[in-house]
Amino acid sequence: MREDGNDGGQADGSGVSRSGVDQPEFLALERELTVLLRRARANQGEMAREVHPDLESSAYGLLVRLDECGQQRATELAAYIGVGKATMSRQLRALETLGLVTRAPDPADGRAWLVELTQEGRTRVGRVRNARRARYAGRLADWDPGEVGELARLLQQLNRGMEK
């Protein structure tokens, strides 16, 4: 081992130094992301039920995407969420049945469908998202606003890195 504490840059095939994964920073990152993701999954289920008692928790992210981006093709939604066409079709039928989304043929391609929130869906999702942001504001009230912005920036950087 060299004096700088690494193993000479030997990689395990992933491009990461073998000793890199054992560094305290990566161990702490793994631990904290595990806690965050576990809480996020639980919160997603709660938020889905707040939108509609019969809403599957996995469909909540789909509604948020439509709220943020507006009308989209079903295939774009499936790619974003990371599910197949059959799963997306099933979720969209359920959301239509609940009155949260509407589908219409894409005028640019009659084989594709455009999906958008109904007014009821927009109202319900907006109410839940506002309540969630209020909870964040309450829980982080003792943080400096710059720290909140920095956390958001770092999470965005992490998310972009995970897309690679």
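Hydrogens, waters and symmetry mates play no part in the numbers below; they use all other heavy atoms, side chains included. Just so you know, these numbers come straight off a predicted model, no measurement behind them.
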* Gln71 side chain to Leu114 main-chain N or O, any donor-acceptor pair under 3.5 Å? -> no
* So, Gln91 side chain and Met88 main chain: donor-acceptor pair closer than 3.5 Å or not? -> no
* Is the shortest heavy-atom distance from the side chain of Leu63 to the side chain of Leu55 under 4.5 Å? -> yes
Could you pull out every donor-acceptor pair under 3.5 Å between side chains of residues 24-38 and any protein atom, sequence neighbours left out?
unit_1, atom_1, unit_2, atom_2, d
Thr34, OG1, Glu30, O, 2.7

* Residues in side chain to side chain donor-acceptor pair (under 3.5 Å) contact with Thr123, at least two apart in sequence or another chain -> Gln119
* To do: Might you point out which heavy atoms bring Gly84 and Ala78 nearest each other, and give the distance in Å?
  => O-CB, 4.3 Å
* Asked: Would you call Glu76 and Val115 a side-chain contact if the rule is heavy atoms closer than 4.5 Å?
  -> no
* Asked: Considering all heavy atoms of both residues, which atom of Ser57 and which atom of Gln44 are nearest to each other, and what is their separation?
  -> O-NE2, 2.6 Å
* Asked: Side-chain heavy atoms under 4.5 angstrom apart, residues restricted to Ile, Leu, Val, Met, Phe, Trp, Tyr: same cluster for Tyr80 and Leu62?
  -> yes
List the atom pairs, donor and acceptor, that lie under 3.5 Å between side-chain atoms in residues 93-101 and the rest of the protein, sequence neighbours left out.
unit_1, atom_1, unit_2, atom_2, d
Glu96, OE1, Arg103, NE, 3.0
Glu96, OE1, Arg103, NH2, 2.8
Thr97, OG1, Arg93, O, 2.9

* Structure fact -> Contacts satisfying side chain to side chain donor-acceptor pair (under 3.5 Å) that involve residues 124-134 (not counting sequence neighbours) are Asp67-Arg129, Glu68-Arg129, Glu120-Arg124, Asn130-Arg133
Could you pull out every donor-acceptor pair under 3.5 Å between side chains of residues 155-162 and any protein atom, sequence neighbours left out?
unit_1, atom_1, unit_2, atom_2, d
Gln157, OE1, Arg153, NH1, 3.1
Asn159, ND2, Leu155, O, 3.2

* **Contact check, side chains of Trp113 and Asp106, non-hydrogen atoms, under 4.5 Å** => no
* To do: May I ask you to test the Tyr136-Val148 pair for a side-chain heavy-atom distance under 4.5 Å?
  => no
* Set of salt bridge (charged side-chain N to carboxylate O under 4.0 Å, His left out) partners for Arg90, sequence neighbours left out -> Glu56
